[in-house]
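For ligands, and for the atoms within them, numbers begin at 1 and follow the listed sequence.
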Amino acid sequence: MRPLIAGNWKMHGTLREAARLAEGVREGVKGADLLVCPPAVHLHPVAVVLLGSPVAVGAQDCHAAAKGAHTGDLSAEMVRDVGATHVILGHSERRANHGETDADVRAKAEAALAAGLIPIVCVGETEAERLAGEAEAVVTKQLAGSLPDGFAAAGGIVAYEPVWAIGTGRTPTEAEVAAIHGTMRQSLVGRFGEKAQGTRLLYGGSVKPGNAAGIFALANVDGALVGGASLVAADFLAIAQAFPV
Ligand SMILES: O=C[C@H](O)COP(=O)(O)O
């Protein structure tokens, strides 16, 4: 399957910096499918910069409701309307900072699918859970609770992001990544059937140009969700180039 390299810009940058970063990615794209996920206020201008290019645009969150009295929130339809095709859901920063549960993430993913957006649902264990030997159980439970029926058929994407690897420069060993991704594939195929063999499983957490090739060579790793390194166009593009195509 074609790899997807997604950049999560989180809460960084001015409008001018977002536009320049998008231009840099647009100028260097080749090979893998690329996606950039700017802050919500930059979604539309970044989508305009990337119009007609192979680089897709995604949001970092959306509300579960189609509309209503939800001050400060954005519906999946609004996100779609301004040019996004994807939405990251259930990132550990939202689970931790906004108390999002698996049920919340599932409801948001349902809203995303209804609006024609491809959800990228994030799962991952904390360091304490990893040390307790619970990583695979935690991830399996998060997948079961966070993914709606129809997720695989609609092209939904899963990102495995161990919480302790995000922004820390630390990563699991390649064997640990391969083990979790294999478990996720099994779990998805068990629930959704053979079509889940085609579900993209991204790895996220301190992916850099220097470690991308080793991670991408692993079975059941179909791309990456990149944070810090996606804020520098050359680094993001170098990560994309590391995928064996
Ligand atoms: O969504 C992206 C992840 O949280 C990874 O962030 P990072 O590459 O800065 O570790």
| field | CA sep, side-chain torsions, deciding dist, call: Arg94, Glu100, salt bridge (charged side-chain N to carboxylate O under 4.0 Å, His left out) | value | CA-CA 6 Å; Arg94 293 209 58 89; Glu100 290 187 7; 2.8 Å; yes
| message | Thr126 vs Trp164, test: side chain to side chain contact (heavy atoms under 4.5 Å, CB included). Steps then yes/no. | response | CA-CA 6 Å; Thr126 63; Trp164 52 275; 5.8 Å; no
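Of all atoms in ligand 1, listed by their number and element, those nearer than 4.0 Å to a heavy atom of Ile166 are 4 (O), 6 (O), 10 (O). Ligand-side atoms of ligand 1 in range of Gly167: 7 (P), 9 (O), 10 (O), range being under 4.0 angstrom from any heavy atom. Distances below 4.0 Å separate heavy atoms of Leu225 from the following atoms of ligand 1: 1 (O), 2 (C). In the vicinity of His91, heavy-atom distances shorter than 4.0 Å reach the ligand 1 atoms 1 (O), 2 (C), 3 (C), 4 (O).
Close N/O approach between Thr168 and ligand 1 is not found [any backbone or side-chain N/O within under 3.5 Å]. An N or O contact shorter than 3.5 Å links Glu161 to ligand 1 by distance. Between Gly228 and ligand 1, an N or O atom pair is found at a separation short of 3.5 Å. Taking only nitrogen or oxygen atoms, main chain and side chain alike, Gly227 reaches within less than 3.5 Å of ligand 1. Annotation: Lys10 places an N or O atom under 3.5 Å from an N or O atom of ligand 1; distance criterion only. Looking at ligand 1, you won't find any N or O of Val226 less than 3.5 Å from one of its N or O atoms.
Only the side chain of Asn8 comes within 4.0 Å of ligand 1, counting heavy atoms alone; its backbone N, CA, C and O stay farther away. If you look at Ala165 next to ligand 1, the close heavy atoms, those under 4.0 Å, all belong to the backbone.
Note that CD of Gln142 and OH of Tyr160 are 10.0 Å apart. Values are rounded to the nearest 0.5 Å.
Within a 6.0 Å sphere centred on CZ of Arg191, heavy atoms belonging to other residues, nucleotides or ligands number more than 12.
A heavy-atom distance below 4.5 Å is found between the side chains of Val36 and Phe236. Side-chain contact check for Thr171 versus Asn211: some heavy-atom pair is nearer than 4.5 Å.
Judged by the shortest distance from any of its heavy atoms, Gly205 lies inside the 4.0 Å radius around the atoms of ligand 1. Not a single heavy atom of Cys37 sits under 4.0 Å from any atom of ligand 1.
At a threshold of 4.0 Å, the pair Arg200-Asp33 counts as salt-bridged, since one of the basic side-chain nitrogens sits closer than that to a carboxylate oxygen.
Partners of Glu110 under the salt bridge (charged side-chain N to carboxylate O under 4.0 Å, His left out) rule, at least two apart in sequence or in another chain, are Arg106.
Side-chain N/O atoms of Glu161 and His91 include a donor and acceptor closer than 3.5 Å.
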